[in-house]
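Counting begins at 1 with the first residue of the sequence. Remember, it's 1-based here, ligands and their atoms both numbered in the order they're listed.
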Amino acid sequence: MKKISLTGIKPTGDLHIGNYFGAIKPALELAKEYDARYFIADYHALNSVKDPKELASAIRHVAAGWLASGLDPEKVIFYRQSSIQEVFELTTMIMAFTSKGLMNRAHAYKDASHKNIEKGDDMDAGINMGLFTYPILMAADIIIFDSDIVPVGLDQMQHIEMAQDIAQSVNANYKQQVLKIPQAGIQENVAVVPGLDGRKMSKSYNNVIPLFAPEKTLRKTVMRITTNSQSVEEPKDPDTSQIFGLYKLFAERNEQDKLAERYRAGGMGWGEAKEELFGAVNRRLTPMREKYDAIMADIPALDKILEQGAQKARPIAAATVKRFRKAAGID
Ligand code: TRP
């Protein structure tokens, strides 16, 4: 039997090139080898997104984005977290096995409360229970689908460890393997994608290149990449330029070598380097953008794909809850 890979995608903000190379592409690679279960973590997003229109559109944007990037819903179980009632039942059950102290130590909560203390506010000001209990819901997401491996970024490592701790305390209590212990799938050779300013591409740095923006916007964004004041004539070092760093993600090896040569020879200005980059990015993203636009033009069809995924997911989730209820004496 194939092993199970599972990951959750929080529908907040517009997908960018960093998301594609850092999360989407590696997860889709993994789906070739594993039985993949990928879902839109809409109840996780509810903690921060309180505007209904914004949340509804973020859910569709992210779902369409993964499909346009090549996720095949015939092969991957692709669903919305909110469609699986059992996730929330399991959340309640594992709460009984999660110490409050564990949640106090969660990075996201600790950061938020430290910020409050620094400002002289009450430590819990503006912090809702959704943020505080976030790792429990995430543990339920993972455990309910018998996940073997969870492909995530390093920032999520602590959450995976908490899911392991929680599942282990359940198993220890009932002296049997009620729940499967998941492992983190931190991919080592995932590319770090440079942003417009050369720092890691991230929404919080406001330095992103959107994945599905219209061609004109894409071009404008590429032209905004910051550069130093080297003249056209001066030879340039491709290895320290984020323009070249981005180009490498989109071009074949021989194209990379050729362009690196032109950087080093001098005579090519940053404007021209950006044009080369835009050309390569646009060639690669145009078919994806067209697919994305087509999916977004038929939201009912998109919702149907997600609902069909949920129909495949529910029996798996129900079986886990049933196993747990039986072990717990609630059957
Ligand atoms: N917390 C993850 C993030 O912010 C999203 C997420 C929710 C998730 N549930 C998950 C990831 C389960 C992996 C598995 O990116």
Side-chain angles (χ1 to χ4, degrees), residues 3-16 18-28 30-31 34-49 55 58-59 61-63 65-66 71 76-84 86-88 90-91 94 98 102-103 106-112 128 130-167 179-187 190 193 200-204 208 306 309-310 313 316-317 320:
K3 292 207 166 195
I4 295 156
S5 121
L6 170 140
T7 201
I9 307 137
K10 213 158 70 170
T12 51
D14 284 350
L15 291 173
H16 56 74
N19 299 134
Y20 179 74
F21 288 102
I24 303 177
K25 199 168 163 258
L28 294 180
L30 211 63
Y34 286 77
D35 236 332
R37 295 157 187 187
Y38 297 159
F39 69 95
I40 311 295
D42 43 7
Y43 271 127
H44 274 116
L46 186 59
N47 288 326
S48 53
V49 186
L55 185 52
I59 291 167
H61 165 71
V62 169
W66 278 67
L71 184 147
V76 174
I77 303 185
F78 189 48
Y79 57 95
R80 286 166 66 166
Q81 176 189 41
S82 60
S83 304
I84 317 295
E86 288 83 357
V87 168
F88 312 105
L90 184 66
T91 302
I94 60 177
T98 308
L102 190 69
M103 295 301 100
H107 297 317
Y109 170 67
K110 255 172 60 176
D111 288 352
N128 61 47
L131 172 69
F132 186 64
T133 61
Y134 190 105
I136 310 180
L137 178 55
M138 180 159 161
D141 290 333
I142 295 170
I143 291 166
I144 204 159
F145 289 108
D146 303 318
S147 313
D148 291 292
I149 184 167
V150 186
V152 283
L154 259 184
D155 63 318
Q156 296 294 316
M157 191 63 198
Q158 190 196 34
H159 289 148
I160 310 295
E161 285 165 359
M162 288 179 167
Q164 293 169 338
D165 282 358
I166 295 169
L179 305 173
K180 197 190 271 182
I181 312 296
Q183 303 300 324
I186 307 285
Q187 278 124 325
V190 164
V193 180
K200 181 180 178 220
M201 189 176 286
S202 159
K203 201 174 52 169
S204 50
V208 306
L306 292 165
I316 308 170
T320 307

Legend entry - pair I136-M103: side-chain heavy atoms closer than 4.5 Å: yes
Inset, instruction - Report yes or no: does D141 contribute a side-chain atom to a donor-acceptor pair with the main-chain N or O of V87 at less than 3.5 Å? - result: no
Inset, instruction - Indicate the ring-plane relationship of Y38 and W66, choosing parallel, tilted or perpendicular according to the 30° and 60° boundaries. - result: perpendicular
Legend entry - Closest approach of A317 to I84 (non-hydrogen atoms, all atoms of both residues): CB-CG2, 3.6 Å
Inset, instruction - Look at the aromatic rings of F39 and Y79 and report parallel, tilted or perpendicular, splitting at 30° and 60°. - result: parallel
Inset, instruction - Heavy-atom cut-off of under 4.0 Å around ligand 1: list whichever protein residues fall inside it, by chain and number. - result: L6, T7, G8, K10, F39, A41, H44, Y134, M138, D141, I142, V150, V152, Q156
Inset, instruction - Could you go through the side chain to side chain contact (heavy atoms under 4.5 Å, CB included) check for H44 and L137 one step at a time? - result: CA-CA 8 Å; H44 274 116; L137 178 55; 3.7 Å; yes
